[in-house]
Structure formats: C-alpha cells, structure tokens
Amino acid sequence: MSFTLATWNINSVRLREGLVARLLQDEAPDVLCLQECKSPVDKIPMEAFRALGYSHIVARGQKGYNGVAILSRLPIVEAGAQDFASLGHARHVAARLENGVTIHNVYVPAGGDIPDRNENEKFGQKLDFLTEMRDFFRWDRPDRAILVGDLNIAPREDDVWNHKALLKIVSHTPVEVEHLGAAQASGGWVDVTRQDIPVGPLYSWWSYRSPDWNTADKGRRLDHIWATPDISNAAHGSRILRELRGWEQPSDHVPVFASFDL
DNA sequence: ATGGTAGGTGTCCTA
C-alpha cells in the first residue's frame, strides 16, 4: 500500500481554507498536517475538508496563535497531544492510523529574533521545547512513526540561501541545530526529505518581507518530514511544492510531501 | 546596518 502525506504551515486555516481545498483536490495526499492554524478547534472549517474525503480530523487549537491539525482520508484509531516545555500552546498533535502508522505533527516555537536565552525568553523556550521533544522520544522510542511539521530550524548549510550570513540568525544558529539534532537522534528519526534529495539547496519558506521572493530566493528549509528507521526505507517521492508560494495570498511556507510503500 | 510583510485576541502581539 502506498501512502502519501504532506505538511504545510498554513498561517491561518480560516483565511486559506480555499488554498487547503485546492491542494487536497490537486494532490490528494492521504494525510495533510497543518501548522499555524491560528484558530480555535471549533472554528476550523472541517466540513469543507470532510466534503473532500478528509473525514478523520484531529486538531489542537487556540485563538490567534499556533494550532495544529491532521486531516486524514484513513481512519484515525487514537489521538493525543503533548505540551512540550509547558507553554500551554497548541503545538503538537499525534494520531495513529488504521494502518498502524503514528503521525506526530509539530510546530516548534520560532524563537524570537535574538539567539540568546538570557536576552530573549522565546529563544530559551525554543531550546527547551526541543529538549523535551528529545526526552519524550528517548523514553518512549517510536516505531512505524512519522514526524512532520514546521520545526523552525534549517539544519544544513544547503537548507539556507547563505550559510555564513545566517549563522547568527534564529533558525540556523549552531545551538539550535544541535538541539534539533538531539531530538532527531533520540527518536532515531531519519530525515526523509534529505534521504530522497541528498544534495543541493532545498527551501520550504520565503519571508513575506522579501517582495521578490522567487528571484531573490532567500529561502530556508524549516518544514520537515522524518520517519523511524523501520519505515524510512519505504519512503520515496519527496517533493517541496515551491510553486504554491506564488499562489494568490499565499502562506509564507509551502507544502512538503513524501510517500511510503508500506 | 536597516527594515521590509502578513495575520489575528488588532493600534499590539507573533511570525
């Protein structure tokens, strides 16, 4: 059975309901994980998604900020959520599908502008969030699992438009990359996107502040798909849908896709 | 070195 999933930071699921519907119709992934829904759960336009065949939905939400959702065409048999770093934010939701695959959908804190936890509380919260992710997967090592989301870190030199210029910019600092690596290692997670596309620049986000995002191309790969080693060798067909950044009233992130032959 | 844009609990907060 081939299984396709996608992850997309949608930056308001209500404002961009139409874009989500268009992606579901055009690409028909089995599962779509959304971040930054910026909506209470009861105001997510679930009926529109159900009408397109995504009748199994789990979400965590709050007014205005954060928010994560998993839309699935396959039945969900169990759901849960963690509050990493005890922020009281809707930044994680998990679902186990009928096919035995567990999906973790994560929205890691952006971390503010100053990469120093003594000067910037939000940066410390980002590092703490990653440390608690590390500990969570260390004690309960996952199998047949996929972790996706806006991890708000571009770990590799070719995950950013200019490695040297971004070394002190939040999202690409060595301390963040180290924390992300520790969380990845503790679960044994394989970076599926880079397994499929091992070399060359790869971005999933372009700032709204760059008017000419396409030609300037100052992107970063902040959105990731990881899988546990027991299923990572079944992964293939990774794609980043860059062209969606050019849609009308776009999110600043584009969807990342991967397929698994399970 | 600076400031640029976008969305929502909107004239401030977060990204």
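Bear in mind the structure is a predicted one, so any value in this text is a computation, not a measurement. In the text below, chain A, chain B and the rest are named by the order of the sequence lines, each starting its count at 1.
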Engineer: Rounded off to whole Å, could you give me the CG-to-P distance for the A/N9 and B/dG7 pair?
Structural biologist: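 The distance from CG of A/N9 to P of B/dG7 comes to 12 Å, rounded to the nearest Å.
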Engineer: Figure out the CD/P separation between A/E17 and B/dG7, and round it to whole Å.
Structural biologist: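 To the nearest whole Å, that distance equals 15 Å.
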Engineer: Measure the distance from CH2 on A/W213 to P on B/dA6 and round it to the nearest whole Å.
Structural biologist: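 Interatomic distance, CH2 of A/W213 to P of B/dA6: 14 Å.
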Engineer: Write down the distance between CG (A/D252) and P (B/dT5), rounded to a whole number of angstrom.
Structural biologist: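 Spelled out: CG on A/D252 to P on B/dT5 is 14 Å.
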Engineer: Mind calculating the distance between CD1 (A/I169) and P (B/dA15) to the nearest angstrom?
Structural biologist: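 Rounded to the whole Å, the gap is 16 Å.
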Engineer: In whole angstrom, what separates A/D150's CG from B/dA6's P?
Structural biologist: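 Whole-Å distance recorded here is 19 Å.
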Engineer: What interatomic distance, in whole Å, is found between C1' of B/dA6 and the corresponding atom of B/dT11?
Structural biologist: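 Rounded to whole Å, the distance is 16 Å.
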Engineer: Got a list of protein N/O to nucleotides 10-14 of chain B N/O distances below 3.5 Å?
Structural biologist:
{"from": "B/dT14", "atom 1": "OP2", "to": "A/K122", "atom 2": "NZ", "distance (Å)": "3.3"}

Engineer: Can you tell me, in whole Å, how much space there is between the C1' of B/dG7 and that of B/dT2?
Structural biologist: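 Their C1' atoms lie roughly 23 Å apart.
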Engineer: How long is the line joining CD of A/E121 and P of B/dA15, in whole Å?
Structural biologist: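 Taking CD of A/E121 and P of B/dA15, I get 12 Å after rounding.
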Engineer: Using the ring of A/F123 (Phe, Tyr or Trp, six-membered ring only), decide whether A/R117 places NZ or CZ under 6.0 Å from its centre and within 45 degrees of its axis.
Structural biologist: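 Pair A/R117/A/F123 does not count as cation-pi.
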Engineer: Check A/D217 with A/R242, please: is the shortest side-chain N to carboxylate O separation under 4.0 Å?
Structural biologist: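 Salt bridge: yes.
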Engineer: For atom CG of A/D135, decide whether the heavy atoms of other residues, nucleotides or ligands shown that lie under 6.0 angstrom number more than 12.
Structural biologist: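 Yes - once you tally the heavy atoms of other residues, nucleotides and ligands closer than 6.0 Å, there are more than 12.
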Engineer: Which residue, A/S210 or A/E36, contacts DNA chain B at a nucleotide closer to its 5' end, judged by nearest heavy atom?
Structural biologist: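 Final value for this comparison: A/S210.
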Engineer: Are A/Q249 and B/dG7 close enough that a side-chain N or O sits under 4.0 Å from OP1 or OP2?
Structural biologist: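 It does, given that an N or O in the side chain of A/Q249 lies less than 4.0 Å from OP1 or OP2 of B/dG7.
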Engineer: Counting neighbours of CD on A/E157 that are heavy atoms of other residues, nucleotides or ligands and sit closer than 6.0 Å, is the number greater than 12?
Structural biologist: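 For A/E157, atom CD is not crowded (no more than 12 foreign heavy atoms under 6.0 Å).
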Engineer: Between A/L15 (CG) and B/dA15 (P), how many Å, whole number?
Structural biologist: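 Checked: the CG to P distance equals 18 Å.
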Engineer: Between A/P211 and A/P109, which has a closest nucleotide on DNA chain B that is more 5'?
Structural biologist: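 Nearest-nucleotide comparison on DNA chain B picks A/P211.
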Engineer: Show every side chain to side chain donor-acceptor pair (under 3.5 Å) that has at least one partner inside residues 169-193 of chain A, sequence neighbours left out.
Structural biologist: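 For residues 169-193 of chain A: A/K126-A/E176, A/H163-A/H172, A/S171-A/R220, A/T173-A/E176, A/D191-A/R221.
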Engineer: OP1 or OP2 of B/dT5 sitting under 4.0 Å from any side-chain N/O of A/S207?
Structural biologist: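 Answer no for this pair, as no side-chain N or O of A/S207 is under 4.0 Å from OP1 or OP2.
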Engineer: Take atom C1' in B/dG3 and the same atom in B/dA15, then report the distance between them in whole Å.
Structural biologist: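 Going atom to atom, C1' in each nucleotide, I get 15 Å.
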Engineer: For A/R144, check salt bridge (charged side-chain N to carboxylate O under 4.0 Å, His left out) against everything at least two apart and list the hits.
Structural biologist: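 In terms of salt bridge (charged side-chain N to carboxylate O under 4.0 Å, His left out), with neighbours along the sequence ignored, A/R144 is linked to no residue.
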Engineer: Among A/V31, A/L97, A/D30, which one satisfies side chain to side chain contact (heavy atoms under 4.5 Å, CB included) with A/L5?
Structural biologist: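 Checked A/V31, A/L97, A/D30 against A/L5; only one passes side chain to side chain contact (heavy atoms under 4.5 Å, CB included): A/V31.
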